[in-house]
Every structure is written in structure tokens, then in C-alpha cells.
Amino acid sequence: MSDETPICSAKGCRAEAVWVLAWNNPKIHTPERRKTWLACEEHREHLSQFLGVRGFLKDVVLLKEWEENSA
């Protein structure tokens, strides 16, 4: 793993990220703004549920696809 390898956002996890969880908090962000968390395969569901129950989760996309669409 290099210094530029994307790492999972789950607390204490050092695994390589595979997923992007795009979210926003409607109380403080404009509707089009997207914040991102990165997730490994193991933590994707947990992080998605955490954001989902708060109504923050907007999209879950493979990191590779996210990077391709952001280029």
C-alpha cells in the first residue's frame, strides 16, 4: 500500500477503500453538495447504514467508477 492508497473511513480500519459513500447533511449543506467517506468491502454496509438512518446517504459507488466520473 502506498501513501496515496485510499483508506477506509471506518474508525481504526487501515484497509484499502473500494467504495465511495456520497452524502450530505441537509441541515448544513446545499442539496447538490456531496461529502464522501471511503469504505472497504467489510465496512461498506455499516457505514452506509450509519449515514442512511440519519437521512444523509445519497449514493454508494465503486471508487474506480467515482474516480472515472470525476476526471
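We're numbering straight along the sequence, starting at 1.
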- Write down the atom of R44, the atom of A39, and the distance for their closest heavy-atom approach. CA-CB, 3.8 Å
- Note on the structure: Heavy-atom nearest pair, I7 first then A17, reads C-CB, 3.9 Å
Value rounded to 0.5 Å, distance of [atom1] in [X] from [atom2] in [Y]:
X   : Y   : atom1 : atom2 : result
C8  : H43 : SG    : NE2   : 5.5 Å
R33 : N25 : CZ    : CG    : 10.5 Å
T5  : R14 : OG1   : CZ    : 10.0 Å

- Check: N24 side chain, T30 main-chain N or O, donor-acceptor pair, under 3.5 Å: yes
- Would you confirm whether S9, through its side chain, and L38, through its main-chain N or O, come within 3.5 Å as a donor-acceptor pair? yes
- With sequence neighbours left out, write down each residue that passes side chain to side chain donor-acceptor pair (under 3.5 Å) with W19, or none if nothing qualifies. E41
- Task: Using the test side chain to side chain donor-acceptor pair (under 3.5 Å), find all partners of E42 that sit at least two apart in sequence or belong to another chain.
- Result: none
Less than 3.5 Å apart, which donor and acceptor atoms pair up between the side chains of residues 54-71 and the rest of the protein, not counting sequence neighbours?
from : atom 1 : to  : atom 2 : distance (Å)
R54  : NH1    : F50 : O      : 2.6
N69  : ND2    : E65 : O      : 3.3
S70  : OG     : W66 : O      : 2.8

